[in-house]
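A short write-up of the structure that comes next.
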Amino acid sequence: MRINADFDQRVVVRPGAMDWTPSPMPGVDRKPLDRIGEEVARATTIVRYAPESRFSAHTHGGGEEYIVLDGVFQDEHGDFPKGAYVRNPPTSRHTPSSKPGAVIFVKLWQFDPEDREQIHIDLNAAELTARANAPGVSDAILFKDAREEVRLERWAPNAAHEIAIDGGFELLVLSGGIVEGEDPLGPWDWLRLPDGATARLQAGPEGARVWTKTGHLRQISPPVSAPVSAPVSAQKA
């Protein structure tokens, strides 16, 4: 399966306009943003856990990174409420579930294979610092290595900047609104820009809180051979 699998293309996905797709586990549904592979896949997805649902125990061969967008996500390591940012590195194992229900933004199989760092950050309590070269933008680095940099950013109302993209760029709107080019993006909308692009961003009148990732599209390593087919890209810009 290949969904928005051409990483040289700009992509905008608005999950609110998509239908939920059932996963193999009852009560767990998905909205794919990009994907290379079948059940084991390099994937970026919005996942919804119904109350009292769970997924079977599994090991993350390529790592797992997620943000809890709503509800409380749970596993044997703890309860992760809305605003939790978690990185489970390659070789980590868990049994995810949710008693009250949850929605998460999750990325699979996109880590350095040697990464073993477990991270849990409460985005609601993260300390943001004003960015010197970007008036109206403050941020906190959530993770950084030789492959990628992940940030939580807060944009003041109407703040506007152009950003030269080095190694690719992703943006997920957590709250508020932001415009890239001519595309307005609201909560849970997702943008991906290729290496060498220019992001032209302007926050809306209410400002915005966004999650961003840069540098990570230099190396694309799908975990399995995926049959070549037309990408499901009705949401592609």
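- Looking at every heavy atom in both residues, I119 comes nearest to L142 through CD1-O, 4.1 Å.
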Can I get a per-line list of side-chain donor-acceptor pairs under 3.5 Å for residues 48-57, giving both atom names and the distance, sequence neighbours left out?
{"residue": "R48", "atom": "NH2", "partner": "D29", "partner atom": "OD2", "Å": "3.0"}
{"residue": "S53", "atom": "OG", "partner": "A50", "partner atom": "N", "Å": "3.1"}
{"residue": "S53", "atom": "OG", "partner": "A50", "partner atom": "O", "Å": "2.5"}

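- Counting heavy atoms from C-beta on, the side chains of F143 and E117 come closer than 4.5 Å.
- Ring planes of Y66 and F73: perpendicular class, angle over 60° (limits at 30 and 60°).
- Once rounded to the nearest 0.5 Å, the distance linking CZ of R10 with CG of N4 reads 12.0 Å.
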**Item:** Worked verdict on V47 versus V106 for side chain to side chain contact (heavy atoms under 4.5 Å, CB included)
**Value:** CA-CA 7 Å; V47 181; V106 60; 3.6 Å; yes
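- With contacts defined as side-chain heavy-atom distances shorter than 4.5 Å, the pair I46/W190 does not qualify.
- Across E206 and P157, no two heavy atoms sit closer than the pair C-CG, 4.1 Å.
- Under the 4.0 Å criterion applied to side-chain N and carboxylate O atoms, R200 and D183 are not assigned as salt-bridge partners.
- Between Q74 and P100 the shortest side-chain heavy-atom distance falls below 4.5 Å.
- For the pair P90 and G61, the tightest heavy-atom approach, listed with the atom from each and the gap, is CB-O, 3.5 Å.
- A cation-pi geometry, defined here as NZ or CZ lying under 6.0 Å from the six-membered ring centre and within 45° of its normal, does not hold between R192 and F169.
- Counting heavy atoms from C-beta outward, L174 and L123 have side chains that approach closer than 4.5 Å.
- L69 has its side chain within reach of L172: a pair of non-hydrogen atoms, C-beta onward, lies under 4.5 Å apart.
- The distance from atom CG of L185 to atom CG of L171, rounded to the nearest 0.5 Å, is 7.0 Å.
- The pair D166-R218 meets the salt-bridge criterion, with a side-chain N (NZ, NE, NH1 or NH2) lying under 4.0 Å from an Asp/Glu carboxylate O.
- Taking the six-membered ring for Trp and the full ring otherwise, W109 and H60 have centroids separated by 6.0 Å or more.
- Listed for the S23 side chain is a donor-acceptor partner under 3.5 Å among the backbone atoms of M25.
- At most 12 non-hydrogen atoms from other residues, nucleotides or ligands lie less than 6.0 angstrom from CG of D19.
- Looking at heavy atoms from C-beta onward, V11 lies out of side-chain contact with D34 at the 4.5 angstrom threshold.
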**Item:** Derivation of the side chain to side chain contact (heavy atoms under 4.5 Å, CB included) call for V68 and F105
**Value:** CA-CA 7 Å; V68 181; F105 166 83; over 6 Å; no
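- For the pair E180/L193, a side-chain contact is recorded, criterion being any heavy-atom separation below 4.5 Å from C-beta on.
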**Message:** Determine whether D75 and T95 satisfy the following criterion, side-chain hydrogen bond (donor to acceptor under 3.5 Å, both in side chains), listing intermediate values before the conclusion.
**Reply:** CA-CA 5 Å; D75 61 19; T95 308; over 6 Å; no
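- Within the 3.5 Å criterion, the main-chain N or O of H161 finds no donor-acceptor partner in the side chain of Q202.
- Under the 3.5 Å distance criterion, the side-chain polar atoms of R147 are left unmatched by any main-chain donor or acceptor of K144.
- Atom CG of L33 is separated from atom CZ of R14 by 12.5 Å, given to the nearest 0.5 angstrom.
- Between F80 and H120, a ring centre-to-centre spacing shorter than 6.0 Å is recorded.
- Between P89 and R87, the shortest heavy-atom distance links the atoms CD-O, 3.7 Å.
- Considering only residues two or more places apart in sequence or on other chains, E39 meets the salt bridge (Lys or Arg N to Asp or Glu O under 4.0 Å) condition with R30.
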**Request:** Given side chain to side chain contact (heavy atoms under 4.5 Å, CB included), test D139 with L152 step by step and report yes or no.
**Result:** CA-CA 5 Å; D139 61 23; L152 173 67; over 6 Å; no
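- Put simply, the side chain of H77 reaches to within 4.5 Å of the side chain of H94, judged on heavy atoms.
- D189 places no side-chain N or O within donor-acceptor distance of the main-chain N or O of I178, the cut-off being under 3.5 Å.
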**Request:** Check the pair Y85, E65 against side chain to side chain contact (heavy atoms under 4.5 Å, CB included), reporting the backbone distance first and the verdict last.
**Result:** CA-CA 8 Å; Y85 171 73; E65 174 183 22; 2.5 Å; yes
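- With values rounded to the nearest 0.5 angstrom, K213 atom NZ is found 3.5 Å from E148 atom CD.
- Across P187 and G176, no two heavy atoms sit closer than the pair CD-O, 3.3 Å.
- Residues P135 and A159 come closest through the heavy atom pair O-CB, 4.2 Å.
- Using modelled atom types, one finds a donor on one side chain and an acceptor on the other under 3.5 Å when comparing Q118 with N88.
- The CE atom of M18 lies 7.0 Å from the NZ atom of K31; values are rounded to the nearest 0.5 Å.
- Side-chain polar atoms of E170 and H216 form a donor-acceptor pair below 3.5 angstrom.
- Taking CD from E64 and CD1 from I104, the interatomic distance works out to 6.0 Å, rounded to the nearest 0.5 Å.
- Enclosure of atom CD in E127 is not indicated, since only 12 or fewer non-hydrogen atoms of other residues, nucleotides or ligands lie within 6.0 angstrom.
- No hydrogens or angles considered: nothing links the side chains of E149 and T214 as a donor-acceptor pair under 3.5 Å.
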